[in-house]
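Shown next, in structure tokens, is the structure this report addresses.
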2 protein chains.
Amino acid sequence: MRMSNGVEWALHSCVTLSQTQEPVPAARLAELHGTPPAYTAKHLQALSRAGIVHSTAGQIGGYTLTRPASEISALEVVRAVDGDEPAYRCAEIRQRGPLGIPAERCSRPCAIARAMAAAQDAWSLALARISVADLAAAIDADSDGTAMADVRRWLTTAAG
Amino acid sequence: MRMSNGVEWALHSCVTLSQTQEPVPAARLAELHGTPPAYTAKHLQALSRAGIVHSTAGQIGGYTLTRPASEISALEVVRAVDGDEPAYRCAEIRQRGPLGIPAERCSRPCAIARAMAAAQDAWSLALARISVADLAAAIDADSDGTAMADVRRWLTTAAG
DNA sequence: GACCTAGTACTCGGATAACGGCTGTCCGAGTTTATCAGG
DNA sequence: CCTGATAAACTCGGACAGCCGTTATCCGAGTACTAGGTC
């Protein structure tokens with residue numbers, strides 16, 4: 001079970017975008033994060049499709065958050081990039097083989113699928129409780145309160 | 001994020017093995033579950049490597065559980081088949097780019113990595129609390145107490 | 001009749017191809033800004 | 001000097017190859033049982 005690498009870039013991009021209200025181009029975000037520009041843009045498109053960021057075309061265009069960072073959960077970002085289908089997909093083994101159960105008696109999900117779904121729910125809940133603002137605050141605290149200020153300064157100086 | 005399909009087969013296989021103490025060949029399990037024999041065997045090998053099942057060669061060989069089903073957690077089975085590396089792997093983006101943080105100041109994991117790890121821990125804990133015996137009991141309850149008896153009967157009749 | 005030996009059939013285990021999805025990239029459509037000509 | 005149109009530059013968005021991992025399969029090594037021959 002391997003998560004798409006773009007999830008990391010998307011989360012960092014959202015944290016960065018939370019530090020400004022002006023549009024930031026994908027190429028600028030890629031430069032700041034040291035990631036491939038074209039591929040980074042691809043993941044930002046996914047965020048745009050999910051309604052997490054708003055894209056502006058044109059010369060001073062770029063991406064902005066559609067909502068306050070405190071109202072964007074990490075779960076939304078992960079789902080936007082990595083897809084929202086559950087990791088475990090029941091193939092209905094119970095219906096196959098010599099002891100297969102008829103489909104009409106399988107209204108409830110299989111017990112194994114229920115267990116896996118419960119685990120996924122726990123995972124989702126943990127991520128849903130964390131907002132982009134929380135992540136920005138935690139990153140800032142890790143750097144003794146300098147990281148986000150540096151980001152804001154870099155965004156303005158690089159833009160000017 | 002997609003989990004290996006073999007996880008489902010492995011869990012069903014463990015539930016089936018919990019219903020008997022005699023070795024069950026991989027081909028027999030594949031027949032019962034309606035899965036490809038060779039590929040099913042491959043995943044059973046993974047369970048064997050992880051010490052969850054014991055393999056016996058020879059004419060009356062097959063697989064048996066190494067422990068009571070109540071002492072085998074679903075997490076162990078999932079990890080044996082799907083690997084034990086976490087889904088999210090931090091690429092240390094914070095160390096890259098113009099605002100990269102020196103490695104010597106990165107003793108703690110990144111805040112984003114911590115959040116993802118916490119979610120994975122919640123997922124793992126949910127699966128660790130469920131044993132193969134629990135799954136067997138739940139499947140049995142779903143079928144009004146006939147499923148596991150049918151499995152036991154099928155295993156004995158097919159073997160004889 | 002009991003015991004030993006050779007054969008056989010069955011099992012697991014690892015090594016080997018084929019497909020799907022993530023990774024990575026590019027160019028076209030659209031928009032905003034700056035420039036330049038005209039009034 | 002102000003206004004309008006034109007052109008240019010920059011942006012996003014979707015469509016196009018490449019590589020790695022899961023999927024799927026096969027055959028070889030090893031073991032327990034069975035049958036036959038011998039004492």
Side-chain angles (χ1 to χ4, degrees), chain A residues 1-10 13 17 22-31 33-64 66 78 80-85 87-89 91 93 158-160, chain B residues 1-10 13 17 22-31 33-64 66 78 80-85 87-89 91 93 158-160:
Chain A
M1 188 171 57
R2 210 174 119 225
M3 182 173 296
S4 168
N5 213 343
V7 169
E8 183 176 9
W9 307 352
S13 294
L17 289 177
E22 297 182 5
V24 182
R28 200 67 49 82
L29 288 170
E31 181 190 358
H33 297 145
T35 53
Y39 196 29
T40 305
K42 184 179 179 66
H43 291 303
L44 287 168
Q45 291 170 24
L47 293 180
S48 177
R49 269 193 294 267
I52 295 173
V53 301
H54 173 69
S55 63
T56 308
Q59 205 164 9
I60 62 162
Y63 291 98
T64 55
T66 57
V78 171
V81 174
D82 205 55
D84 55 354
E85 62 183 15
Y88 181 88
R89 295 156 296 114
I93 279 186
Chain B
M1 187 170 59
R2 213 175 115 227
M3 182 174 296
S4 168
N5 212 342
V7 169
E8 183 176 8
W9 307 350
S13 294
L17 288 177
E22 297 183 6
V24 181
R28 200 69 47 81
L29 288 170
E31 181 190 358
H33 297 145
T35 53
Y39 196 29
T40 304
K42 184 179 180 63
H43 291 303
L44 287 168
Q45 290 170 25
L47 294 179
S48 177
R49 269 193 294 266
I52 296 173
V53 301
H54 173 70
S55 62
T56 308
Q59 202 163 11
I60 60 164
Y63 290 99
T64 55
T66 57
V78 171
V81 174
D82 205 56
D84 55 355
E85 63 183 16
Y88 181 88
R89 293 157 297 113
I93 280 185

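A, B, ... follow the sequence lines: proteins, then strands. Residue 1 opens every chain.
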Compare every heavy atom of [Y] with every heavy atom of [X], then report the nearest pair and how far apart it is.
X      : Y      : result
A87(B) : M1(B)  : CB-SD, 3.9 Å
R89(B) : N5(A)  : O-OD1, 4.5 Å
P36(A) : W9(A)  : CD-CH2, 3.8 Å
T35(A) : T40(A) : OG1-OG1, 2.8 Å
H43(A) : G6(A)  : NE2-CA, 3.4 Å

Would you tabulate the pairs of protein nitrogen or oxygen atoms and nucleotide nitrogen or oxygen atoms of nucleotides 10-14 of chain D closer than 3.5 angstrom?
{"unit_1": "dT11(D)", "atom_1": "O4'", "unit_2": "G58(A)", "atom_2": "O", "d": "2.7"}
{"unit_1": "dC12(D)", "atom_1": "OP1", "unit_2": "A26(A)", "atom_2": "N", "d": "3.1"}
{"unit_1": "dC12(D)", "atom_1": "O3'", "unit_2": "S55(A)", "atom_2": "OG", "d": "3.2"}
{"unit_1": "dG13(D)", "atom_1": "OP1", "unit_2": "S48(A)", "atom_2": "OG", "d": "3.4"}
{"unit_1": "dG13(D)", "atom_1": "OP1", "unit_2": "S55(A)", "atom_2": "OG", "d": "2.6"}
{"unit_1": "dG13(D)", "atom_1": "OP2", "unit_2": "Y63(A)", "atom_2": "OH", "d": "3.0"}
{"unit_1": "dG13(D)", "atom_1": "N7", "unit_2": "Q45(A)", "atom_2": "NE2", "d": "3.0"}
{"unit_1": "dG14(D)", "atom_1": "OP2", "unit_2": "R49(A)", "atom_2": "NH1", "d": "2.9"}
{"unit_1": "dG14(D)", "atom_1": "N7", "unit_2": "Q45(A)", "atom_2": "OE1", "d": "3.0"}

Length of the [atom1]-[atom2] vector between [X] and [N], whole Å:
X      : N       : atom1 : atom2 : result
E22(A) : dT33(C) : CD    : P     : 12 Å
E85(B) : dG21(D) : CD    : C1'   : 11 Å
H43(B) : dG21(D) : NE2   : C1'   : 13 Å

Nearest-0.5 Å distance, NE2 of residue H54(B) to OG1 of residue T64(B):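 Nearest 0.5 Å value for the NE2-OG1 distance: 5.5 Å.
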Within a strict 4.5 Å, meaning less than it, do heavy atoms of the V81(B) and L47(B) side chains meet?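 Yes, their side chains come closer than 4.5 Å.
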Side chains of E8(B) and I93(A), heavy atoms from C-beta outward: is any pair under 4.5 Å?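 Yes, their side chains come closer than 4.5 Å.
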Residues in contact with DNA chain C, drawn from residues 2-10 of chain B - heavy-atom cutoff 4.0 Å: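 Those residues whose heavy atoms fall under 4.0 Å from DNA chain C, taken from residues 2-10 of chain B in numerical order, are R2(B).
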Has Y39(B) got a side-chain N or O lying under 4.0 Å from the OP1 or OP2 atom of dT25(D)?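 Negative; the distance criterion is not met.
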